[in-house]
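Take a look at the structure below.
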Amino acid sequence: KKKQASIANFFKK
Amino acid sequence: MFEATFNQASILKQVLEATKDLVNDANWDCSAEGIALQAMDSSHVSLVSLSLRGDELASYRCENQISLGINMNTMTKILKCAENNDRTIIRADDDADVMVFVFESEGRDKTSKYEMKLMDIDSEHLGIPEQEYSATVQMSSKEFSRIVRDLSTIGENVEITVDKEGITFGAKGESGSGTVSLKSNPSVDEGSSNITIDLTDSVKLNFALRYLTFFTKAAPLSDNVSLSLSADVPLMVEYAIGDVGFIRYYLAPKIDD
């Protein structure tokens with residue numbers, strides 16, 4: 001089962 | 001004062017079609033260089049980044065940086081009041097609470113003027129790191145739209161594999177499965193898939209087709225699309241907007257639970 005990652009986890013705030 | 005003139009309304013119409021399903025409200029950040037927009041979709045799964053260079057527009061001026069908070073649906077509706085070939089001017093005074101649209105017909109015999117209320121939008125600006133991708137695939141934007149549409153009939157997710165053979169898109173669903181493979185082939189024969197692949201490492205990643213479907217709304221902007229992939233980072237899907245700029249979409253991968 002795969003879950004959707006959030007884009008904010010990859011790009012710095 | 002900010003003012004940008006587009007020789008044709010169609011570019012703006014197409015930009016709005018390419019973003020309005022993903023983003024409801026967005027700040028259009030205008031500076032001396034041009035117009036930039038960055039926004040996440042409401043689920044924070046994807047991000048769209050638009051760049052239009054002022055010096056490639058019919059005319060452009062922006063003395064002071066200004067962020068124009070725009071409801072994308074409202075702007076789409078106003079742009080529908082323009083013919084594709086209408087010369088289009090968008091304008092806002094510093095500290096203005098409206099954006100002005102002027103549409104001039106090709107024969108210059110009809111001028112329409114609309115005002116749209118601006119909004120205060122609190123938006124997070126994310127830093128997108130420079131990324132060397134393991135694989136970059138250039139292909140026909142129509143072909144990419146077609147594959148996304150076809151595989152959406154099978155499942156919710158697509159597995160994209162890029163290796164030296166080419167690129168394969170695969171989907172699985174309750175009722176079956178499907179794959180589409182395009183061979184990397186530099187031949188210029190009519191009817192060939194005509195893709196180019198720049199590969200340093202093979203990659204295999206999973207993505208939600210729902211978001212790729214939103215991205216393919218940008219296909220009218222460009223004949224070609226480029227897909228850039230690396231393990232464990234967001235996919236980048238880029239459509240060039242002539243010499244004026246680009247629209248880039250980033251989509252977070254599906255990861256093992």
Side-chain angles (χ1 to χ4, degrees), chain A, chain B residues 22-23 26 38-49 122-133 155-160 170-174 204-215 228-237 248-257:
Chain A
K1 190 78 188 156
K2 293 194 181 290
K3 75 167 194 236
Q4 178 63 61
S6 164
I7 196 79
N9 295 346
F10 296 93
F11 296 153
K12 294 176 290 254
K13 285 182 188 169
Chain B
L22 215 48
V23 178
Q38 189 205 86
M40 284 187 279
D41 73 277
S42 58
S43 312
H44 293 194
V45 169
S46 67
L47 179 139
V48 55
S49 170
D122 234 358
S123 71
E124 269 182 306
H125 202 86
L126 298 177
I128 302 169
E130 283 286 316
Q131 172 82 41
E132 294 278 340
Y133 288 98
E156 291 178 5
N157 301 316
V158 61
E159 183 178 76
I160 303 180
K172 286 192 185 101
E174 281 175 17
K204 186 188 288 238
L205 284 161
N206 277 273
F207 299 101
L209 281 162
R210 171 181 157 77
Y211 293 92
L212 295 180
T213 303
F214 289 139
F215 303 170
S228 298
L229 304 99
S230 280
D232 304 322
V233 303
L235 163 74
M236 180 176 80
V237 179
R248 289 180 186 152
Y249 301 94
Y250 297 87
L251 177 59
K254 291 262 197 170
I255 51 179
D256 289 322
D257 205 357

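A, B, ... follow the sequence lines: proteins, then strands. Residue 1 opens every chain. We use all heavy atoms of the structure for the numbers below, so side chains are in, but hydrogens, waters and symmetry mates are not. Note that this is a predicted model, so its numbers are computed, not measured.
Of the two parts of B/D256, the backbone and the side chain both hold a non-hydrogen atom closer than 4.5 Å to a non-hydrogen atom of chain A. Using a 4.5 Å cut-off between heavy atoms, B/H125 touches chain A through its backbone atoms (N, CA, C, O) alone. Heavy atoms closer than 4.5 Å to chain A are found nowhere in B/N157, neither backbone nor side chain.
Heavy-atom contacts from other residues, nucleotides or ligands closer than 6.0 Å to CD of B/Q131 number more than 12. Heavy atoms from other residues, nucleotides or ligands lying under 6.0 Å from NZ of A/K2 number more than 12.
Taking chain A as the reference chain and counting heavy-atom pairs below 4.5 Å, the highest number among B/D41, B/N206, B/L47 is found for B/N206.
Between B/Y250 and A/F11, the ring planes are perpendicular. Angles over 60° get that label, and only those under 30° would be called parallel.
In this structure a side-chain-to-backbone donor-acceptor pair under 3.5 Å is missing from B/E132 to B/S230.
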